[in-house]
Amino acid sequence: MNKEKIAIGSDHGGFEYKEEIKKHLVEKGYDVIDVGTFSKESCDYPVIAQNLTQKIIDNELEKGILICGTGIGMSIAANKVKGIRAALCGDTFSARATRAHNNSNVLCLGERVIGIELAFDIVDIWLSTEFEGGRHQRRIDMLQ
Ligand code: RB5
């Protein structure tokens with residue numbers, strides 16, 4: 001069986017959720033590539049966002065999850081990279097819609113904003129929702 005590869009990364013503000021979500025994804029059978037950080041020591045989220053998005057740009061894998069305190073710094077950093085469509089989600093409706101309409105390839109979460117059970121639901125829905133294409137593809141093409 002070919003496992004789907006998912007990259008995951010966080011700064012210190014998202015470290016605990018990174019560890020929890022990593023476990024959750026491994027239990028579900030994903031091949032999880034952890035790009036750091038590897039402790040709760042203070043670090044810089046743009047570096048982690050760069051490490052993760054580069055793997056998508058290099059076609060090593062298709063999707064990644066970035067976590068910081070709010071999810072905002074990670075989403076700003078990831079969206080600076082051409083070809084990355086990062087979506088900061090704090091609810092399941094947005095998680096579904098951003099896959100279906102934006103074909104988002106990075107999910108951003110805020111550890112200091114949402115509970116872990118909601119984070120698991122957002123991750124599961126985001127990973128299982130297909131892009132709808134059609135008129136949404138035309139709009140995505142305009143972003144390039
Ligand atoms: C770190 O304290 C915090 O600023 C960071 O995790 C993130 O929330 C930035 O957007």
Side-chain angles (χ1 to χ4, degrees), residues 3-133 136-144:
K3 290 183 180 181
E4 187 179 349
K5 261 195 201 178
I6 304 292
I8 193 164
S10 77
D11 71 353
H12 54 289
F15 177 72
E16 284 183 9
Y17 275 22
K18 173 170 73 67
E19 296 303 303
E20 290 293 324
I21 292 168
K22 191 165 66 177
K23 258 189 268 162
H24 177 77
L25 292 176
V26 168
E27 275 165 21
K28 286 188 166 268
Y30 288 95
D31 183 4
V32 183
I33 313 297
D34 189 343
V35 302
T37 188
F38 299 105
S39 78
K40 288 182 85 171
E41 200 177 311
S42 182
C43 68
D44 301 325
Y45 62 79
V47 175
I48 303 292
Q50 176 64 39
N51 291 347
L52 183 138
T53 54
Q54 194 58 48
K55 292 192 181 299
I56 297 174
I57 298 306
D58 291 345
N59 288 317
E60 209 179 296
L61 39 78
E62 288 181 1
K63 292 189 197 116
I65 299 170
L66 285 169
I67 310 151
C68 63
T70 58
I72 297 171
M74 284 298 194
S75 64
I76 292 171
N79 277 315
K80 298 265 178 223
V81 180
K82 193 175 167 155
I84 295 299
R85 293 174 301 281
L88 170 58
C89 294
D91 64 275
T92 53
F93 180 87
S94 300
R96 187 176 290 107
T98 190
R99 282 288 311 128
H101 293 188
N102 313 124
N103 199 14
S104 51
N105 47 14
V106 174
L107 171 66
C108 299
L109 299 168
E111 177 173 317
R112 297 172 185 160
V113 183
I114 61 170
I116 190 65
E117 293 300 332
L118 176 56
F120 288 153
D121 282 354
I122 289 172
V123 165
D124 291 345
I125 287 169
W126 187 75
L127 286 172
S128 61
T129 304
E130 295 294 328
F131 176 48
E132 285 175 9
H136 301 298
Q137 184 60 55
R138 185 182 72 242
R139 293 162 185 161
I140 286 170
D141 292 342
M142 289 176 177
L143 297 172
Q144 298 299 319

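Counting from 1, the numbers follow the sequence of the chain as shown. Scope of the values below: all heavy atoms of this structure, side chains included, with no hydrogens, waters or symmetry mates. As the structure lists them, so they are numbered: ligands from 1, and atoms in each ligand from 1.
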Pair D11-L66, side-chain contact (heavy atoms from CB on, under 4.5 Å): steps then yes or no:
CA-CA 9 Å; D11 71 353; L66 285 169; over 6 Å; no
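- Between the side chain of K5 and the backbone N or O of I33, no donor-acceptor pair lies under 3.5 Å.
- Protein heavy atom at the shortest distance from atom 1 (C) of ligand 1 is H12 NE2, 3.5 Å.
- Ligand 1 has no N or O atom lying under 3.5 Å from any N or O atom of Y45, backbone or side chain.
- No donor-acceptor pair under 3.5 Å is formed between the side chain of R85 and the backbone N or O of N79.
- The protein heavy-atom contact nearest to atom 8 (O) of ligand 1 is T70 N, 3.0 Å.
- Among protein heavy atoms, atom 7 (C) of ligand 1 sits closest to C68 SG, 3.4 Å.
- Taking the charged nitrogens against the carboxylate oxygens, E16 and K40 do have a contact shorter than 4.0 Å, which makes a salt bridge.
- At a 3.5 angstrom cut-off on N or O pairs, G73 counts as close to ligand 1.
- One N or O on the side chain of Y17 and one on the backbone of I114 form a donor-acceptor pair closer than 3.5 Å.
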Let's go through H12 and E41 carefully: what are the C-alpha distance in whole Å and the side-chain angles of both, what is the deciding distance for side-chain contact (heavy atoms from CB on, under 4.5 Å) to 0.1 Å, and is it a yes or a no?
CA-CA 6 Å; H12 54 289; E41 200 177 311; over 6 Å; no
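- For atom 5 (C) of ligand 1, the closest non-hydrogen atom on the protein side is D11 OD2, 3.1 Å.
- Of all protein heavy atoms, the one lying nearest to atom 3 (C) of ligand 1 is R112 NH1, 3.8 Å.
- Atoms of ligand 1 lying under 4.0 Å from any heavy atom of G69, numbered from 1 in the order shown and given with element: 5 (C), 6 (O), 7 (C), 8 (O).
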